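Remarks on the structure that follows.
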Amino acid sequence: MKRVKINTLLASDEQIEKVIVKGWVRTKRDSKEFSFMELNDGSCLKNIQIIADSKLENYVEISSITTGSAVSIEGRLVESPGKGQKWEIHADKVDVISIAPEDYPLQKKRHSDEFLRTIAHLRARTNKYGAIFRIRSEMAFAIHKFYNEKGFRYLHTPIITGSDCEGAGEMFRVTALDPSSVAKAGKMDFHSDFFGQEANLTVSGQLSAEMFALALGDVYTFGPTFRAENSNTSRHVAEFWMVEPEMAFCDLNGNIDHAQELLKYLTKHAITNCSEDIALFTDFVDKELRKVLETLINEEYAKISYDEAVELLIKSGKNFEYKVVNGNDLQSEHERFLAEEYFKKPVFLMNYPKTIKPFYMRVNDDGRTVAAVDLLVPRIGELIGGSQREERLYILEERMEQMNLSKESYWWYLDSRRFGTVPHSGFGMGFERLLMLLTGVSNIRDVVPFPRTPGNIDF
RNA sequence: UCCCUAGUAGCUCAGUCGGCAGAGCAAGUGGCUGUUAACCACUGGGUCCGCGGUUCAAAUCCGUGCUAGGGAGCCA
């Protein structure tokens with residue numbers, strides 16, 4: 001007989017004479033006559049209550065079951081006379097698969113996120129982390145569903161890349177050379193390395209995605225991204241996942257509309273398909289979350305230019321630690337003011353000065369700004385960063401010269417502006433930051449199964 | 001990397017002015033109960049983050065290192 005998962009059993013309309021469930025015991029309460037067990041199999045947040053009668057032949061063994069132990073139960077699914085659950089299982093047979101010894105670190109009580117991070121291999125067995133990783137899985141699916149419905153092609157861009165300066169941050173080197181021989185030689189000899197030149201882990205699939213947008217029309221990438229920045233914050237990890245749509249024949253406004261549509265779609269999907277898990281976060285993690293999610297779905301996001309934002313910040317009369325200067329990048333406190341205090345909803349910031357943005361962003365008619373867009377959301381800051389791309393070859397080359405970039409190493413990128421170039425746009429959305437937004441989890445390390453941060457690669 | 005704060009039992013934390021190391025939960029044992037963060041009693045459990053210093057005496061004061069959290073920078 002096949003085992004049935006707990007989410008299926010709890011959704012049952014009628015009692016069932018014979019079922020088999022397998023899972024891990026969250027807690028057990030004993031009495032003389034019988035033993036109550038809360039069983040969880042990861043299929044949903046809720047446990048199912050098992051009643052094991054003391055007349056069962058192996059009741060001595062059953063008595064030894066501890067929190068964390070694995071069991072297989074055969075029994076009857078019946079309505080529960082007790083409070084707190086509709087269904088329970090009266091066990092006819094309890095097979096102990098394995099007993100968790102007394103030093104099992106997870107207790108039947110609330111643990112701090114900091115402690116659970118030190119046992120990342122076990123934390124998914126708690127209510128909160130189980131919920132997080134079910135939502136993570138569901139949202140990854142929702143991204144593919146959204147793009148599939150819209151006719152986008154899913155593109156696998158390289159993880160190992162030869163581009164050495166995409167301008168998105170410090171990169172992790174990839175090499176097949178023996179470190180001790182490199183040390184002996186005193187320097188890296190890239191010519192003798194695997195690729196015959198310097199290689200790194202990708203910091204963005206954008207440049208590759210642009211090439212395919214100019215072939216397949218609308219594409220998106222969704223995969224791991226690596227940044228070797230020594231940043232120690234609750235919003236950064238060294239390895240994270242990013243969604244990067246890239247659309248041909250699309251300008252900045254189309255890009256912004258697409259971003260809003262995506263975020264609304266994903267939020268709705270979470271509420272509809274993860275309602276039980278989301279409720280854990282709205283009830284226990286973040287009391288404001290319900291409101292945040294409703295705003296994400298129902299409201300039109302704010303949309304202002306960089307110049308307007310600067311003016312607005314100056315006029316606010318707020319005493320910022322860093323002075324607001326047109327031409328400088330906005331500081332965290334400025335972004336937070338805009339998203340959290342002023343608009344109180346997501347805000348698109350467009351048309352930044354070209355001096356603070358990368359070479360590939362399209363220069364506006366004013367010659368001073370570029371068609372960039374960032375989406376700032378309350379608490380997290382930048383969720384999305386993107387732009388309309390510079391499709392005019394001569395301007396692109398000019399900008400590369402100004403920024404001292406080697407045109408030779410970008411020959412293939414420049415080729416795309418030589419052959420059938422068209423206006424196109426795209427952006428990157430941090431997948432983990434999306435999960436933080438949708439769950440109210442305040443540290444990015446807690447939405448990654450095994451987070452990688454400076455000085456931390458255990459598990 | 002910089003600034004701030006913290007590190008005491010398995011977990012969460014208290015520890016006053018420098019003077020015998022504590023609580024709740026967890027664990028173990030026993031009891032009780034259609035229980036549900038079950039309950040009651042008893043028992044065990046400590047490198048007070050490491051190193052150095054001041055002192056008759058340091059969890060407590062000073063220096064330094066490490067780790068964590070919050071903030072900043074960088075960014076998604």
Side-chain angles (χ1 to χ4, degrees), chain A residues 26-39 46-53 64 66-68 78-85 88 90 100-119 126-127 166-170 202-206 222 224-244 259 284 320-322 329-336 356-358 374-377 380-386 427-437 442-448 453-456 458:
Chain A
R26 284 291 174 81
T27 173
K28 183 166 70 83
R29 298 174 286 272
D30 292 324
S31 73
K32 233 181 223 143
E33 302 299 318
F34 31 67
S35 188
F36 296 96
M37 274 177 278
E38 296 281 340
L39 195 70
K46 286 206 179 86
N47 307 320
I48 195 158
Q49 176 162 279
I50 311 292
I51 290 91
D53 199 280
S64 72
T66 54
T67 297
V78 297
E79 280 193 55
S80 174
K83 284 199 185 94
Q85 63 277 321
E88 62 185 22
H90 287 203
E102 65 197 55
D103 58 352
Y104 182 61
L106 292 171
Q107 303 163 8
K108 333 176 227 196
K109 65 167 224 168
R110 216 187 149 272
H111 287 289
S112 67
D113 294 323
E114 290 81 1
F115 170 67
L116 291 171
R117 245 169 254 154
T118 68
I119 49 166
T126 65
N127 288 340
E166 291 176 23
E170 289 295 310
T202 183
V203 292
S204 163
Q206 180 200 319
F222 180 31
T225 307
F226 307 88
R227 304 275 166 91
E229 296 287 349
N230 185 17
S231 55
N232 240 302
T233 78
S234 56
R235 298 180 300 281
H236 293 88
V237 277
E239 177 181 323
F240 62 99
W241 280 55
M242 190 154 63
V243 187
E244 294 179 286
F284 301 115
F320 293 115
E321 195 182 330
Y322 292 87
D329 221 342
L330 297 182
Q331 304 287 319
S332 265
E333 55 175 346
H334 306 145
E335 298 185 344
R336 272 209 312 276
I356 56 172
K357 289 292 181 185
D374 284 358
L375 178 66
L376 308 179
V377 297
I380 289 151
E382 189 180 340
L383 174 68
I384 285 173
F427 60 80
M429 177 176 76
F431 184 56
E432 283 78 9
R433 288 187 181 174
L434 170 77
L435 294 174
M436 292 169 76
L437 180 66
S442 57
N443 195 315
I444 197 166
R445 296 169 179 92
D446 296 335
V447 298
V448 181
T453 51
N456 207 334
D458 284 344

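Everything numeric here is computed off the predicted structure, so don't read it as measured data.
Pair assignment for B/C25 gives B/G10, based on Watson-Crick or G-U wobble hydrogen-bonding distances that are each under 3.5 Å.
On a pure distance criterion of 3.5 Å, no polar donor-acceptor pair joins the side chain of A/H111 and the base of B/G10. Residue-to-nucleotide contacts include a donor-acceptor pair under 3.5 Å from the side chain of A/E88 to the base of B/G34. In terms of polar N and O atoms assigned as donor or acceptor, the side chain of A/H236 comes within less than 3.5 Å of the base of B/C75 in a complementary pairing.
For the pair A/E229 and A/H236, the minimum side-chain heavy-atom distance is 4.5 Å or more. Taking 4.5 Å as the limit, every side-chain heavy atom of A/T67 sits out of range of all side-chain heavy atoms of A/Q107. Using a 4.5 Å cut-off on side-chain heavy atoms (C-beta onward), A/M429 and A/L383 make contact.
Distance CG (A/D53) to P (B/G34): 13 Å, rounded to an integer number of Å. Rounded to whole angstrom, the span from the CG atom of A/D113 across to the C1' atom of B/G70 amounts to 14 Å. Spacing between atom CZ of A/F115 and atom P of B/C13 amounts to 12 Å, rounded to whole angstrom units. Distance A/I119 CD1 to B/U12 C1': 14 Å, rounded to the nearest Å. In this structure, A/E432 places its CD atom 18 Å from P of B/C75, rounding to the nearest Å. Between the CG atom of A/D458 and the P atom of B/U67 there is a distance of 12 Å, given to the nearest Å. Taking atom CZ of A/F240 as the reference point, atom P of B/C74 lies 16 Å away to the nearest angstrom.
Candidate nucleotides B/G34, B/A38, B/A76 were compared by shortest atom distance to the side chain of A/F34, and B/G34 ranks first. In this structure, of B/G73, B/G69, B/U35, it is B/U35 that holds the atom nearest to the side chain of A/S80.
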- Message: Determine whether A/H334 and A/F320 satisfy the following criterion, ring-ring contact (aromatic ring centres under 6.0 Å, His included), listing intermediate values before the conclusion.
- Response: CA-CA 8 Å; A/H334 306 145; A/F320 293 115; 4.8 Å; yes
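On the P atoms, B/C62 is 35 Å away from B/C25, given to the nearest whole Å. B/C49 and B/A58 are spaced 16 Å apart, taking the C1' atom of each and rounding to whole Å. Taking atom C1' in both B/A14 and B/C75, the straight-line distance is 41 Å, to the nearest Å. Taking atom C1' in both B/C20 and B/G46, the straight-line distance is 15 Å, to the nearest Å. Between the P atoms of B/G22 and B/A38, the separation comes to 29 Å (whole Å). Here, B/A23 and B/C56 have their P atoms 33 Å apart, quoted to the whole Å. If you take atom C1' in B/G63 and the same atom in B/U54, they sit 11 Å apart, rounded to whole Å. Atom name P, nucleotides B/C48 and B/A59: the rounded distance is 8 Å, in whole Å.
Residue-level contact check: A/Q85 touches the bases, meaning some heavy atom is under 4.0 Å from a base atom. Residue contacts shown for A/P105 are absent, as no nucleic acid heavy atom lies under 4.0 Å away. Using a 4.0 Å heavy-atom criterion, one finds that A/F36 contacts the bases of the nucleic acid, with or without backbone contacts as well. Nucleic acid contact for A/Q49: base, since at least one base atom lies under 4.0 Å from a heavy atom of the residue. Backbone-only contact: A/L383 has heavy atoms under 4.0 Å from sugar-phosphate atoms and none from a base. Residue contacts shown for A/G428 are limited to sugar-phosphate atoms, with no base heavy atom under 4.0 Å away. Counting non-hydrogen atoms under 4.0 angstrom, A/E33 reaches nothing in the nucleic acid. Within 4.0 Å (heavy atoms only), A/S112 reaches sugar-phosphate atoms of the nucleic acid but no base atom. Within 4.0 Å of A/V377, counting heavy atoms only, lies no atom of the nucleic acid at all.
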- Heavy atoms under 4.0 Å is the rule here; annotate nucleotides 23-30 of chain B 5' to 3' with B where the base is hit, S where only the sugar-phosphate is, and - elsewhere. -BSSSS--
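Nearest-nucleotide assignment on RNA chain B puts the 5′-proximal partner with A/E321, out of A/G430 and A/E321. The nearest heavy atom of RNA chain B to A/D30 and to A/I384 marks one nucleotide each, and the one closer to the 5' end goes with A/D30.
For A/E88, the side-chain hydrogen bond (donor to acceptor under 3.5 Å, both in side chains) partners two or more places apart in sequence, or in a different chain, are A/Q49, A/S80, A/H90. Residues meeting the side-chain hydrogen bond (donor to acceptor under 3.5 Å, both in side chains) test with A/R235, sequence neighbours left out: none. Listed by chain and residue number, nothing satisfies the side-chain hydrogen bond (donor to acceptor under 3.5 Å, both in side chains) test with A/E335 (two or more places apart in sequence, or in another chain). Partners of A/E102 according to the side-chain contact (heavy atoms from CB on, under 4.5 Å) rule, which considers only residues two or more places apart in sequence or in another chain, do not exist here.
In terms of phosphate contacts, A/R336 brings a side-chain nitrogen or oxygen within less than 4.0 Å of OP1 or OP2 of B/A72. Distances shorter than 4.0 Å separate some side-chain N or O of A/R29 from OP1 or OP2 on B/A38. A close approach under 4.0 Å does not occur between any side-chain nitrogen or oxygen of A/R117 and OP1 or OP2 of B/U67. Dashed line: the shortest gap from a side-chain N or O of A/S234 to OP1 or OP2 of B/G71 is under 4.0 Å.
At least one donor-acceptor pair closer than 3.5 Å links the side chain of A/R227 to the backbone N or O of A/V203.
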Show the distances under 3.5 angstrom between N or O atoms of the protein and N or O atoms of nucleotides 1-3 of chain B.
{"unit_1": "B/U1", "atom_1": "OP1", "unit_2": "A/N230", "atom_2": "ND2", "d": "3.1"}

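Between A/F34 and A/F36, the angle of the ring planes goes over 60°, which puts this pair in the perpendicular group of the 30/60° scheme.
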